[in-house]
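Everything on this sheet refers to the single structure shown next.
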Amino acid sequence: MKSKLVIGNWKMNLTFEEADDLLNALQEGLADYNLQTEVVVCPPYPYLELATDLAEESNFYAGAQNCSQFNNGAYTGEVSAPMLSALGVEFCIVGHSERRKYFNESNEVIAQKVDRLMEQQLIPVVCCGETLEERKADKHFEVVEKQIKETLFHLKKEDFEHVVIAYEPVWAIGTGETATPAQAVEMHKFIRSLVEKKYGTEIAYNTYILYGGSCNAKNAIDLFANEDIDGGLIGGASLKSGDFITIIEAAETTTKEN
Ligand code: 13P
């Protein structure tokens, strides 16, 4: 069984002091584990350097929540992949549904961001997922297929190997309503089948497909117990060190059991 990947997406939360406390609590809390699970923490930009500094001597990596589709220039307010790389960031979430919704990010722009990250050898964590209306209209597979194809399938095999996919049904994000393990598994299998058709069986097996959307300390174990769920992209529950560590423990337990 391959090891799991657990990523905390802090979104736009916490003061500098709270961020510092949480990072230190994670460093301490994870220090005694001989982890198989890979752990990534994605704080807001102003706290990234705290995270990259601590990550060097901790059981976690630092990730960003977004990057620009451009490398440099007159793009006020943007942060580029080369800047993230220079800070020591190793992962970057792109195409989160909140960015698609509030900042009008299209699949085309997300594909460009993936390319900028690839150029810096940063690992893109590419999000996909349907809205409630789309699921009710039975369009969820169609929507996710289009998102995956248009954001990722331009990549060459050797680049695609470094991509992480996160399935985050929009109706489950921050709502307390989690997809059932069966719903998540069904979509993860579907995504893996798309990857298999395009890049072959080995890459499909090796690709990390995470679940995100109200994944918490209580339900993580039931989700992670499924071999098609390679870990989680955790929002709210990543803001409390105890809950986040319990989720990481669920990843460890399910890796050993499988
Ligand atoms: P919640 O875990 O708060 O539902 O957020 C999920 C998410 O959007 C992670 O990227």
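Counting starts at 1 for both ligands and their atoms, following the listed order.
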- Message: Within the 4.0 Å heavy-atom shell around His96, which atoms of ligand 1 are there?
- Response: 7 (C), 8 (O), 9 (C), 10 (O)
- Task: List the steps, then state whether ring pair (Phe, Tyr, Trp, His ring centres under 6.0 Å) holds for Phe153 with Tyr199.
- Result: CA-CA 9 Å; Phe153 280 8; Tyr199 295 105; 5.5 Å; yes
- Query: How close does the nearest protein non-hydrogen atom get to atom 3 (O) of ligand 1, and which residue and atom is it?
  - Reply: Gly236 N, 2.8 Å
- Gln147 and Tyr167: side-chain donor and acceptor closer than 3.5 Å? no
- Going through the distances and angles, do His96 and Gln65 end up as a side-chain hydrogen bond (donor to acceptor under 3.5 Å, both in side chains)? CA-CA 8 Å; His96 193 281; Gln65 299 173 18; over 6 Å; no
- Message: For atom 5 (O) of ligand 1, what's the nearest protein heavy-atom neighbour? Residue, atom name and distance, please.
- Response: Lys11 NZ, 3.2 Å
- Task: May I ask you to list the atoms of ligand 1 that are less than 4.0 angstrom from any heavy atom of Ala172?
- Result: 4 (O)
- Query: ligand 1 versus Ala166, non-hydrogen atoms closer than 4.0 Å: side chain, backbone, both, neither?
  - Reply: neither
- Note on the structure: For Asn9, the ligand 1 atoms with a heavy-atom partner under 4.0 Å come out as 9 (C), 10 (O)
- Considering only heavy atoms of Gly213, which atoms of ligand 1 have at least one such atom less than 4.0 Å away? 4 (O), 6 (C)
- Item | Region of Leu233 engaging ligand 1 - heavy atom pairs below 4.0 Å | both
- Message: Students should be able to answer this: which protein heavy-atom is nearest to atom 2 (O) of ligand 1, and at what distance?
- Response: Gly235 N, 3.0 Å
- Of the listed options (Ala237, Gly174, Cys127), which comes nearest to atom 4 (O) of ligand 1 when hydrogens are ignored and any heavy atom counts? Gly174
- Item | Side-chain donor-acceptor pair present, Glu252, Thr255, cut-off under 3.5 Å | no
- Nearest neighbour in protein (non-hydrogen) for atom 7 (C) of ligand 1: Glu168 OE2, 3.1 Å
- Item | Main-chain N/O of Glu177 paired to Thr175 side chain as donor or acceptor, under 3.5 Å | yes
- Query: Among the heavy atoms of Ser214, does any lie under 4.0 Å from an atom of ligand 1?
  - Reply: yes
- Based purely on interatomic distance, does Glu98 place a nitrogen or oxygen under 3.5 Å from a nitrogen or oxygen of ligand 1? no
- Message: Does the structure place the NZ or CZ of Lys113 under 6.0 Å from the centre of the six-membered ring of Phe70, at an angle of no more than 45° from the ring's axis?
- Response: no
- Task: Would you please say whether a donor-acceptor pair under 3.5 Å links the side chains of Lys149 and Asn107?
- Result: no
- Should Ser238 be listed as contacting ligand 1, given a heavy-atom distance under 4.0 Å as the test? no
- Query: For Ser238, does its backbone N or O pair with a side-chain atom of Asp243 as donor and acceptor, under 3.5 Å?
  - Reply: no
- Query: Is there a donor in the side chain of Thr201 and an acceptor in the side chain of Glu196, or the other way round, less than 3.5 Å apart?
  - Reply: yes
